[in-house]
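Chain letters run A, B, ... following the sequence lines, proteins first and then strands; every chain starts at 1.
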Protein chains: 2
Amino acid sequence: MTDQLKLENQLCFPVYSLAKEIVNQYRPFLDKLDLTYPQYLVMLVLWEQRQQTVSELGEKLHLDSGTLTPLLKRLEQKELVSRDRSKTDERVVCISLTGNGERLQEQASKVPEQLINSMHIAVEELETLKICIQDILTKINQHKK
Amino acid sequence: MTDQLKLENQLCFPVYSLAKEIVNQYRPFLDKLDLTYPQYLVMLVLWEQRQQTVSELGEKLHLDSGTLTPLLKRLEQKELVSRDRSKTDERVVCISLTGNGERLQEQASKVPEQLINSMHIAVEELETLKICIQDILTKINQHKK
DNA sequence: TAAGATTAAATTGCACACAATTTAATTTCA
DNA sequence: TGAAATTAAATTGTGTGCAATTTAATCTTA
């Protein structure tokens, strides 16, 4: 067996596992907000800027309309966001926080700390990992045209 | 806005982005093998040991039968694996590589190197990241009973 | 040993993620 | 200016990932 093909020797599997594990760690806390993890990410972006187009959300989250359109319809059903065609360009759909959507931020503000506590890992170690990952993501993106 | 709620200040988003990015980097190479990324992971595990139960695969890949059963049926349709009930315990399903499944390893052996080249990142840096992630995964798992 | 508990897969249902295509609006430029 | 190109979302279809439930087999133990 080629060593390179061994699961343990590949980077991809730890990254894939950690990503799933983190989402699973979030689940109990996000369940209380009635949000999925990708929905939570969309809300994070909207809490930074309360109105954005579908494209802007997609660019920040690296998601396309095939993923975002149904997700945003679900957030609309929960009355956390509203979806309106732009007046100046009818192709564009503007997503805005509703009052409920804004108020949810209060509850969500406790999530990051809850999560860090639940993972039992030193903040410094998480910070190191974050910087390492961001560094690699930057390099990957540099080499995309 | 709470700083902790800012997307850029959270670890979760870079991990989530990197995991998706890595799967996307694999895609062109795995397309040539007619495998999805999770199917590739299953094949990696089977190339290490040509016969395993669904539970054993699930334990190594952190996947349950709800995910594995349909995935394995697709690998069976492609004639890469066979699925047979255990003779000694009819509850258990044994997954075995077929001849085709074994032969695919030859082609797959080039994938890891192709991937590293396509990412334009130093092997040392990837290795550092891998160790860092595995370390954190270990700690998370320690605190799960 | 027979009822109840446990276990392994399968099934069901929901929500992404992404490729490919479609639809509708806007832009470009010949 | 009007046809062709481009753009933004939506739609369609496939394949995960996971919770919850179901089914069938095996184990436990009173």
Value for SG (A:Cys132) from CD (A:Glu127), rounded to nearest 0.5 Å, stands at 12.0 Å
Calculate the interatomic distance between B:Arg83 atom CZ and C:dT11 atom P; express it in whole Å. 8 Å
To the nearest angstrom, the CD-C1' distance between B:Gln77 and D:dG15 comes to 12 Å
On DNA chain D, does the nearest nucleotide to B:Thr88 precede the nearest nucleotide to A:Ser55 from the 5' side, or the other way round? Give the residue. A:Ser55
Any side-chain N or O of A:Arg85 below 4.0 angstrom from OP1/OP2 of D:dA8? no
Suppose we call a contact any N or O donor and acceptor under 3.5 Å apart; does that hold for the side chain of A:Ser65 and the base of D:dA8? no
Rounded to whole Å, please give me the gap between CD in A:Glu90 and C1' in C:dT27. 16 Å
Closest listed nucleotide, where the reference is the side chain of B:Asp64 and the choices are C:dT26, D:dC18, C:dC18: D:dC18
Proximal nucleotide (of D:dA9, C:dC18, D:dT16) relative to the B:Thr67 side chain: D:dT16
Should A:His120 and B:Lys139 count as side-chain neighbours, where that means a heavy-atom distance under 4.5 Å? no
Is A:Lys60 salt-bridged to A:Glu48, cutoff N-O under 4.0 Å? no
Within this structure, what is the CG-to-C1' distance between B:Leu41 and D:dG15, rounded to whole angstrom? 14 Å
Measure up the A:Tyr40 and A:Tyr26 rings against each other and bin them: parallel (under 30°), tilted (30 to 60°), perpendicular (over 60°). tilted
In Å and rounded to the nearest 0.5 Å, what is the CZ to CD distance from A:Arg50 to A:Gln105? 11.5 Å
Does B:Tyr16 place a side-chain N or O at less than 4.0 Å from the phosphate oxygens OP1/OP2 of C:dA17? yes
NE2-CG distance between B:His62 and B:Asn141, expressed to the nearest 0.5 angstrom: 6.5 Å
What nucleotide among D:dA9, D:dG17, C:dA9 has an atom nearest to a side-chain atom of B:Pro38? D:dG17
If you assign each of A:Thr36 and B:Leu68 to its closest nucleotide in DNA chain C, which residue comes earlier from the 5' end? B:Leu68
Does A:Arg74 have a side-chain nitrogen or oxygen under 4.0 Å from the phosphate oxygens OP1 or OP2 of C:dC16? yes
Looking only at side-chain N and O atoms, does B:Gln39 come under 4.0 Å of OP1 or OP2 in D:dG15? no
Answer yes or no: does a side-chain N or O of A:Lys73 lie under 4.0 Å from OP1 or OP2 of D:dT11? yes
Rounded distance in Å - CD (B:Glu76) to P (C:dA10): 10 Å
Given D:dC27, is OP1 or OP2 found less than 4.0 Å from the side-chain N or O atoms of B:Arg91? no
Whole-Å distance, A:Lys20 NZ to D:dA19 C1', equals 14 Å
Give one of base, sugar-phosphate or nothing for A:Ser86, where a contact means two heavy atoms less than 4.0 Å apart. nothing
Separation of C:dC16 C1' from A:Arg27 CZ (nearest whole Å): 11 Å
Could you tell me the separation between the CG atom of B:Leu71 and the P atom of D:dC18, rounded to a whole number of Å? 13 Å
